[in-house]
Asker: 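I'd like to ask some things about the structure below.
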Amino acid sequence: MGLQLKKAARAVLAGCLLFALVIGVFPVNAPTAQAASDAVVNVSKTYQEIRGFGGMNHPSWIGDLTSSQRETAFGNGDNQLGFSVLRIWIDSDSRNWYKEVATAKAAIAKGAIVFATPWNPPSDMTETFNRYGDTKAKRLRHDKYAEYAKHLNSFVTFMKNNGVNLYAISMANEPDYGHDWTWWTASEILTFLKYHAGSINCRLIAPESFSYNKTMSDPILNDARALANVDIMGTHLYGTQLKDFAYPLFQQKASNKELWMTEVYYPNSDTNSADRWPEALGVSEHIHNAMVNNLQTYVWWYIRRSYSPMKEDGTISKRGYCMAQYSKFIRPGYKRVSVTENPNNGVYVSAYTGDGKAVIVAVNKGFNNISQKFAVNGQNISKVDRYRTSGSENLAKTSDLALDGNGFWAYLPANSVSTFVCTLKAQTGTNPGTITGATIPNGWYCIKNPASGKYLQVAYNKGAAGQNVQAGAKTGGRGEKWYLNKLDNGYFTLTSALGDFMLDVSGAGKTDNTNMNIYHAYSGDAQQFKCKTTSAAGQFGILTKVTDGKSGLHLRVSDNTNVVQNAYWEGSNQVWTFEPTN
């Protein structure tokens, strides 16, 4: 998206917005109705893993976020948005890259992930061409694809050297809408992905089309070589009709990939105040539609703008509070679960689980106030906190709603969005938290070094033989999930969720500082480990079979990131906990 809403899109969307405003003006004293049916949550039926919610910072165009505004955006306390995703700009001129560092570092310090998108390659890589009569249209020269991949790598390296490890990088912004930037055809995208994207040292996002244009992404899904070099299918949702939100071809072809919404503002008006009600409630409804159609992120255009979550004075807008009903409570790594999505006319419900909680978001866009019953099947609830935004409320909290067995009743005013944070009672025979016993059962785990708070993960979340294993902030990605399988000899293997790869001592080395990586699974000595209990309950050394248990996994102190094999003495950087996961 450019600084102004694209004129063609504005014309198409204006009618939609007018219709939304007409049906959105409800009477203040709306009648109350009982729900047509219960909203039943089934936490055992899971869908996509949520990566997070956030927005873009663009200091070159509108100025950087201030220190206090960064706290508002990425903090998760009172009067904060709880954003966990930051999108930044890759300037075509590397001399301007430094402008992105300060806010990116601040976001990461708050636990957010950062990804970057280019609008244009450097000018010496581009050329003009005739596009349907436009003789000044711009594209990447076809002989510069390899050089462009190096340019993207240079940005990854620059940010890393300045304290920002990018979670992902995109190849292009809205390649199908390049009126003010660089055009790409679906064929050009495919060529770049097949023959050049594999050299990019970061998770790659493509194609970030303007309005979920499947003609840009279908060719990628149908080409195995191109798809292998894409980690995240990214899209924008400007003007996308609800019927086009679903993407069955992605579910069929790329179930091991991620599906992100990387830019939008909604309602599509950049002139109306972000406090206009009930127009702002459309944000919550739009997020609902994105989530129930398996998107894993929801990323706003500018974080701070008159029509954005944060107003120009740094305060949170009504649109921001409607977004925060999701971002503050559905944290990275949570999973969407099954729920009755439309229990009453105008009521839209989605549900999520993580950290021993079930989080339910209910948007009431209807004319009536609703008395709604919610139930969580197969679970006992110990506590429910409710947060609500309406015309007169901003994340208004009520604690300890009255429970009715495994459910509760709640009042949903017309034109409101409510979030219910349900604390679940631990179930007998399950392991909802960190393993505390000496025996660890087979299963999926996230493995954490408690001293640093970092998790064992495959670099860049890429499944490839020889890919480095390191420790980093928890993202919920497949690269930090390991299946523990016990062997008859007292050792176990750790298989990555990225595919048929196991945690591996590089080259079956026996010396200190031998690197840890993943390699094709063959269960040899280099891929066998065992746990050694420590003085702290639930904390273990992970010893390697190639050294007969004398050495173990060691978080290298010099960079507090890389994981190697080193002589074991139960140092704080050699101790790990096992957190069960899906």
Asker: Rounded to the nearest 0.5 Å, how far does OG of Ser94 lie from NE2 of His151?
Answerer: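 Answer rounded to 0.5 Å: 7.5 Å.
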
Asker: List the atom of Asn515, the atom of Val563, and the distance in Å for their closest heavy-atom pair.
Answerer: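 So the two residues come closest at OD1-O, 3.6 Å.
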
Asker: For Asp64, which of Lys99, His58, Arg70, Gln69 qualifies under side-chain hydrogen bond (donor to acceptor under 3.5 Å, both in side chains)?
Answerer: Arg70

Asker: Ion pair present between Glu258 and Arg478, side-chain N to carboxylate O less than 4.0 angstrom?
Answerer: no

Asker: Does some side-chain heavy atom of Gln527 sit less than 4.5 Å from a side-chain heavy atom of Thr495?
Answerer: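 No, every pair of side-chain atoms sits at 4.5 Å or beyond.
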
Asker: Going from CG on Asn201 to CG on Leu166, what distance comes out if it is rounded to the nearest 0.5 angstrom?
Answerer: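 CG of Leu166 is found 11.5 Å from CG of Asn201.
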
Asker: Looking only at the side chains, is there a donor atom on one of Asn468 and Tyr460 sitting less than 3.5 Å from an acceptor on the other?
Answerer: no

Asker: Look only at the side chain of Thr534 and the backbone of Gln539, and say whether a donor-acceptor pair between them is shorter than 3.5 Å.
Answerer: yes

Asker: Aromatic contact between Phe529 and Trp482, with the criterion being ring centroids under 6.0 Å apart: yes or no?
Answerer: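 Phe529 vs Trp482: aromatic centres not under 6.0 Å.
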
Asker: Name the one of Thr117, Thr297, Asn57 that satisfies side-chain hydrogen bond (donor to acceptor under 3.5 Å, both in side chains) with Arg87?
Answerer: Thr117

Asker: Report the residue from Val40, Val41, Ile360 that forms a side-chain contact (heavy atoms from CB on, under 4.5 Å) with Phe374.
Answerer: Ile360

Asker: What is the distance from atom CD1 of Ile169 to atom CG of Leu152, rounded to the nearest 0.5 Å?
Answerer: 4.5 Å

Asker: For this output row, return yes or no: ring centroids of Tyr326 and Tyr298 closer than 6.0 angstrom.
Answerer: no

Asker: Using every non-hydrogen atom in the two residues, find where Ile205 and Phe115 come nearest and quote the distance to one decimal.
Answerer: CD1-CD1, 3.6 Å

Asker: Is there a donor-acceptor contact under 3.5 Å linking the side chains of Asp500 and His520?
Answerer: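 There is no such pair between these side chains.
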
